[in-house]
Amino acid sequence: MNRREFLAGTLAAVQNERRPNILFCIADDWAFPHAGIYGDKVVQTPVFDRVARQGVLFTHAFSAAPSCTPSRAAIVTGQAPHRLEEGGNLWGFLPKKFPVYTELLEAAGYAVGFTRKGWGPGDFGAGGRARNPAGQPFKDFAGFLKAAPADRPFCFWFGSTDPHRAYERDSGVKSGMRPEDVTVPPFWPDTPEVRRDILDYYFEVQRFDREVGELLQLVEAAGKSENTLVIITADNGWPFPRAKANLYDAGTRQPFAVRWPARVKAGRTIDDFVTLADLAPTFLEAAGLKPLAEMTGRSVLGLATGAEKPGRRNQVFVERERHANVRKGDQSYPARAVRTREFLYIRNLRADRWPAGDPELYHSVGPFGDCDDSPTKQYILARRDEKHFRLCFEKRPAEELYDLRKDPHQLDNVAGRPQYAAARRRLRETLDRWMRETADPRATSEDDRWDRYPYFGKPAK
C-alpha cells in the first residue's frame with residue numbers, strides 16, 4: 001500500500017462533507033436470475049426489485065470465486081483470490097498483509113461494523129487479525145446505528161446466512177409457492193423432489209429480501225437514505241449440483257443492484273460485466289479515497305453514476321481452488337475461466353481429480369462433498385442416470401468451451417470441435433494473459449500450494 005497516496009486520499013475524503021454511508025447487503029448462496037426483476041416468476045423479491053428500480057440493476061455480475069471464503073476475501077481486498085495465498089481457500093484465513101476496505105474506511109473516519117456472516121468461514125486469527133475483516137461485530141444493524149457517532153459516515157456489512165443450506169423441508173410449499181410453477185434447469189432431473197427443493201431455496205431468498213427491507217426502513221427512519229450507497233448481492237451461486245463451487249454461471253453469476261439517490265440516477269439497467277472484487281475499489285472511490293494499486297478489481301461507481309460509458313467491460317475472470325476438504329491428500333480442484341458474452345471457457349488444471357470431491361468421504365461433508373447435501377443431490381446419486389450424474393459429478397476434461405448463444409445452460413462442451421478452434425485459442429490466450437498479469441502462481445509453474453494450506457473446517461462425523 002502506498003501510504004502517501006492513501007493519506008492524501010484520506011485528507012480529501014475528510015474534507016468532503018458528502019461522503020456517503022455504505023450499506024452492503026450480501027446473501028449466502030443466492031444466484032442469478034432468482035429475483036422478480038430478472039424475470040423469475042416464482043420467487044418474490046420486492047425489496048431487491050425496488051432498490052434496483054430506484055438505482056441501477058446489473059445483469060452480468062459475477063463472484064470472483066464460487067465459494068464463500070475466497071469470494072468474500074476478494075470482496076474485502078479488491079483482489080483476485082489467487083493473489084491472496086491462504087485466502088483463496090474455503091475454511092482458511094486471510095493474511096493480515098492484505099489490506100481490506102473496511103480498515104481503510106475506518107482509518108478515514110468511517111464507523112465500520114457487520115452482523116452475522118462476514119468474511120469466512122475460516123479463522124481470521126490465524127491470519128494475524130484481531131477481528132473479522134468485515135469489521136467490528138454487532139448484534140444487529142439497529143445496535144450499530146445507535147452506537148455509531150452521528151457526525152461520522154458509516155459502512156455496514158449485513159451478512160445474511162440465507163439461502164445457505166440446510167433448509168426446512170417443504171418450507172417453500174408451506175409458504176404458498178407451487179412446485180408446478182418452478183422451472184428446473186436442464187442439468188438436474190425434473191422431478192417433484194427437485195422442484196420442492198428449489199422452493200425451499202426460494203423461501204430463504206425471500207427471507208433475505210424481507211430482512212434487507214427492515215434495514216432500509218431503519219436507514220429511512222434515521223433520515224439517511226438520500227446519501228446512503230446501498231449494494232445488494234450474494235457471494236456465489238445456489239447450493240445445488242453443478243452450481244456452487246463450479247465455474248458455470250449457476251455457481252458464479254450473481255444478482256446485483258446499486259442505489260445511491262444523491263448520485264445514482266434511478267431506473268437504469270447495465271449489461272457490462274462486473275465482479276465482486278470490484279466492490280472494495282467502489283467503496284473506496286465513493287468515500288473519496290483512491291483504490292490501492294494492488295487491487296485487481298475496478299470501481300463500478302462510474303458505471304452506476306453514468307460517468308463511465310457503458311459497453312466496454314465485456315468479460316470477467318472466475319476461479320476456484322480448494323472448496324471443502326473432500327479429496328484424498330487435502331487436494332484442491334484448481335480451475336480458471338473467462339466468461340464473455342458469447343462464450344464460457346474453463347481450464348481444469350487438475351482434470352484427473354473429481355470436480356465435486358472424491359466419491360467416498362475423505363475429511364469433510366461426505367461423498368462428492370464440494371456439493372452440499374440436498375434432496376436434489378441425493379436424487380441424482382441414488383439413480384446415477386448417465387446425463388445428470390455425468391454433468392454434476394463425473395470427471396471433466398482439461399478444457400471446456402460453451403457457446404452461450406446456443407447453449408445458455410452450458411451443457412454441451414464444444415472445445416474439441418474444429419469450428420470453435422479459433423475461439424478456443426483466443427480465449428485460452430486471454431486467460432493465460434490475465435493469469436500472468438495478475439501474478440497467478442499457476443501461470444508459471446505446477447503450483448499446488450493450496451493443497452498444503454490449513455483447513456479449519458470440522459471433519460464429518
Side-chain angles (χ1 to χ4, degrees), residues 22-40 42-52 55-76 81 90 114-121 134 156-165 167 185 198 200-213 215-216 230-240 242-259 273-280 282-283 297 300 316 318 320 323 339 372 374:
I22 298 169
L23 177 59
F24 177 49
C25 302
I26 179 170
D28 195 358
D29 298 357
W30 178 33
F32 176 94
H34 305 141
I37 199 166
Y38 287 126
D40 193 301
V42 181
V43 69
Q44 301 296 308
T45 54
V47 175
F48 179 82
D49 299 351
R50 183 175 68 251
V51 167
V56 177
L57 178 69
F58 285 79
T59 63
H60 287 81
F62 292 79
S63 58
S67 174
C68 295
T69 311
S71 174
R72 291 163 187 257
I75 289 171
V76 294
L90 185 76
F114 84 100
T115 191
R116 301 192 197 173
K117 185 171 181 178
W119 165 90
F156 191 79
W157 169 310
F158 170 61
S160 175
T161 55
D162 290 334
H164 196 287
R165 293 187 185 272
Y167 302 149
I198 292 172
D200 292 347
Y201 157 80
Y202 280 166
F203 176 83
E204 295 207 356
V205 170
Q206 293 181 166
R207 186 165 61 192
F208 166 73
D209 191 74
R210 288 195 301 272
E211 290 196 306
V212 171
L215 269 64
L216 295 178
V230 177
I231 292 184
I232 307 173
T233 189
D235 56 356
N236 49 248
W238 46 339
F240 286 76
R242 200 178 167 88
K244 178 181 175 182
N246 289 269
L247 299 186
Y248 310 113
D249 281 10
T252 62
R253 194 170 178 182
Q254 312 304 147
F256 194 95
V258 178
R259 187 185 79 179
F273 285 68
V274 299
T275 83
L276 300 190
D278 296 333
L279 286 170
T282 298
F283 294 149
V300 303
V316 293
V318 293
R320 64 152 292 170
H323 183 62
R339 170 66 155 83
D372 293 354
S374 69

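The residues of the chain are indexed from 1 along the displayed sequence. Keep in mind that this is a model prediction, so the values were computed, not measured.
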Using modelled atom types only, decide if a donor and an acceptor are shared between the side chain of [X] and the backbone of [Y] within a distance under 3.5 Å.
X	Y	value
E204	D162	no
R72	G118	yes
N236	K244	no
T233	P255	yes
W157	K117	yes
H34	A31	yes
D209	V47	yes
S67	H323	no
T45	G36	yes

If I compare all heavy atoms of [X] with all of [Y], which pair ends up nearest, and what's the gap?
X	Y	answer
A280	V76	CB-O, 3.9 Å
F48	Y38	CE2-CE1, 3.8 Å
G251	P66	O-CB, 3.2 Å

What's the spacing between [X] [atom1] and [Y] [atom2] if we round to 0.5 Å?
X	Y	atom1	atom2	value
I37	L57	CD1	CG	5.0 Å
S71	L90	OG	CG	11.0 Å
I232	F208	CD1	CZ	6.0 Å
R210	L215	CZ	CG	14.0 Å
T161	R207	OG1	CZ	7.0 Å
W30	W238	CH2	CH2	13.5 Å

*asked:* Checking D29 against D235 for the side-chain contact (heavy atoms from CB on, under 4.5 Å) test, could you report, in this order, the C-alpha distance in whole Å, the side-chain angles of both residues, the deciding distance, and whether it holds?
replied: CA-CA 6 Å; D29 298 357; D235 56 356; 3.8 Å; yes
Measuring only between side-chain heavy atoms, which start at C-beta, is [X] closer than 4.5 Å to [Y]?
X	Y	answer
I75	I26	yes
P239	S374	no
P163	V205	yes

*Run the side-chain contact (heavy atoms from CB on, under 4.5 Å) check on W119 and T69 step by step: do they pass?*
CA-CA 6 Å; W119 165 90; T69 311; 3.6 Å; yes
*asked:* Is there a side-chain contact (heavy atoms from CB on, under 4.5 Å) between F32 and Q254? Walk through the geometry before answering.
replied: CA-CA 5 Å; F32 176 94; Q254 312 304 147; 5.7 Å; no
_Please determine whether salt bridge (Lys or Arg N to Asp or Glu O under 4.0 Å) holds for the pair R165 and D372, giving the CA-CA distance in whole Å, both sets of side-chain angles, and the decisive distance to 0.1 Å._
CA-CA 8 Å; R165 293 187 185 272; D372 293 354; 5.3 Å; no
*Would you check, one step at a time, whether the test side-chain contact (heavy atoms from CB on, under 4.5 Å) holds for T282 with F24?*
CA-CA 12 Å; T282 298; F24 177 49; over 6 Å; no
*With respect to R339, which candidate in D249, T252, T275 satisfies the side chain to side chain donor-acceptor pair (under 3.5 Å) definition?*
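Of D249, T252, T275, side chain to side chain donor-acceptor pair (under 3.5 Å) with R339 is met by D249 alone.
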*Should the ring pair Y201 and Y167 be called parallel, tilted or perpendicular, given that the plane angle runs from 0 to 90° and is split at 30 and 60?*
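Tilted.
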